[in-house]
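Here's the structure we're looking at; comments come further down.
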Amino acid sequence: NRRRHLADLVSKKRQKRDLTESGYMAFSKDVLRWRLIGEGYSSQLTVDEQRYIFRLAFRMWSEVSPLEFVEDTWSPLEDVDIKLGFGTGRHLGCNQKFDGTGQEFAHAWFLGDIHFDDDEHFTGPSSHTGISLLKVAVHEIGHVLGLPHIYRPGSIMQPSYLPHESSFEMDWMDRKAIQHLYAGGCKGRFSTVFDWIRKEKTPYGDVKIRFNTYFMRDGWYWLYENRNNRTRYGDPVALQIGWHGIPSDGVDAYVHVWSRRREAVYFFKGLQFWRYDSENDRVFRHDSEGRRYPRLISEGFPGIPSPIDSAFYDRRDSHIYFFRRAQVYAFSVETNSLASGFPKHIRDVFPPVESGDHPDGSIDAAYFSYSHNALFLLKGTRFWRVVGSRERWRRPFLPRNGLMPHKEVDQQWFDICDVHPTSLKL
Amino acid sequence: EKLFHNRDHSDMQIPTSHQAPVITDEYEAELFLSRYGFIKPTQREEIQMKQTLKEFQMVSGLPVTGVFDDATKDAMNKPRCGVPDKETDPNPHVVTESHIGGSDQSQPLQ
């Protein structure tokens, strides 16, 4: 009788606080406000440290989901979506008492608040002792967003705390779990996409050529790690941090002219273009004839209109292909002039393999991927792969430079997610 | 203050009254299993404890013995999240807007 009564009591209490899992039980908005409440500061870390750790924790979720989080210290409390606070024993009006040092370190309420047991020894990210507040915060935020406990090794949603690792990040399965709750992956248009070539000398004097893939959207960018199927941890980064001298609100196109006799990297925006100095990691101030950058596209590339939608350099014929609306312009870098017969309609240069499945101009990016050894045209949330010459060898019925049926960008390049602008600098 | 001598406070002494009660026997283990959703009120008593212990041992990566052994005791005393591992509400509500309210949470608002 005593046991049944006890179980009944616990069950009634639990009904008020269980987190249930479902594909559609989640926040219905994309931008969520959070606050560390004033009466709930920890006694163990400075307030600034606590807020920094929570900003980082929310940002980590933002980097892998379509959600954005903003710290809100000014709105009425009822307008704040997620409130965080520390307490001990009976705390913050909560009906679930903390147990003191050991065992329970925090709890969270679905679509609600997070409480941390201040009797635990919470420490900052750089410490190797105690309980990592960052790790616990990321876990509890996961509950607030709708994730249950997951028993998979490596999951951030494991119920038990595992001591400090050198770093912890959201793995593939955790990402997919949160994305499943929030309408799939992260979608959005890109300003430009390119593979940046680096030349490195080995200790033996050989030159090794490496590349890194970059996605740019407006004023920020991501490095995409093709072998890991994700972006670099901590991205996106503001454009001016990594690319010095190009417009901070974004570019229209990137071109890498790469032949035996020529090598140059150009960024295009509006009516202008810049040449990038990869040795000194900034734009050139002047060209070889002393003309200052930025220069007008109409002067540097006679016959090419501006602004352009995108461009790429084709090493097969040493032409830069510029895209503007439904027209394609082929520019010969050898003769520094428009190739004969151009401009042409985009459908003539890149015919659809499947009738009707075509971007029809105004593309966002033309991207040659060394990883895939293929050219892609991106528009909106979709991309079309251009038929390669090897492919035509095997399937001669495919049209030259044909566009394969479209796919979704987020099914090829994963987890390229925005964060709130206030989170760009933590 | 809580007493400590080391620079990094790693030797901070916690008063006994501030320490979580250690799980030492089967009764306390039963409370633990109940608290985190492993025991359902409707389960028959005689099969409850062994089965739920096995379930807890399985998800915790422990040898599945069905017995409250030392490894199970250690696992129960480790730091963990206060959210139950298993749901009990068979009819979750569909929530269409974010929850607004104080810390004393009841049902999410529609």
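Excluded from the calculations below are hydrogen atoms, water molecules and symmetry mates; all remaining heavy atoms, backbone and side chain alike, are included. For clarity, every value in this text was computed on a predicted model and none was experimentally measured. By convention in this document, chain letters (A, B, ...) are assigned in the order of the sequence lines, proteins followed by strands, and residues within each chain are numbered from 1.
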Q: Quick one: pull up CG in A:Leu162 and NZ in B:Lys78 and give me the separation to the nearest 0.5 Å.
A: 8.0 Å

**Q.** Which residues share a ring-ring contact (aromatic ring centres under 6.0 Å, His included) with B:Phe56, sequence neighbours left out
**A.** B:Phe32, B:Phe38

Q: Identify, with sequence neighbours excluded, every residue that meets disulfide bond (SG atoms under 2.5 Å apart) alongside B:Cys81.
A: none

Q.
Sub-4.5 Å heavy-atom contacts with chain B: which residues of residues 151-159 of chain A show up?
A. A:Tyr151, A:Pro159

Q.
Under a 4.5 Å cutoff for heavy-atom pairs, which residue among A:His107, A:His139, A:His149 has the most contacts with chain B?
A. A:His149

Q: Report yes if the distance between the aromatic ring centroids of A:Phe98 and A:His91 is under 6.0 Å, otherwise no.
A: yes

Q | Results of salt bridge (charged side-chain N to carboxylate O under 4.0 Å, His left out) for A:Asp415 - residues two or more places apart only | A | A:Arg175, A:Lys176

**Q.** Residue pair B:Thr24 / B:Glu28, side-chain donor-acceptor N/O under 3.5 Å
**A.** yes

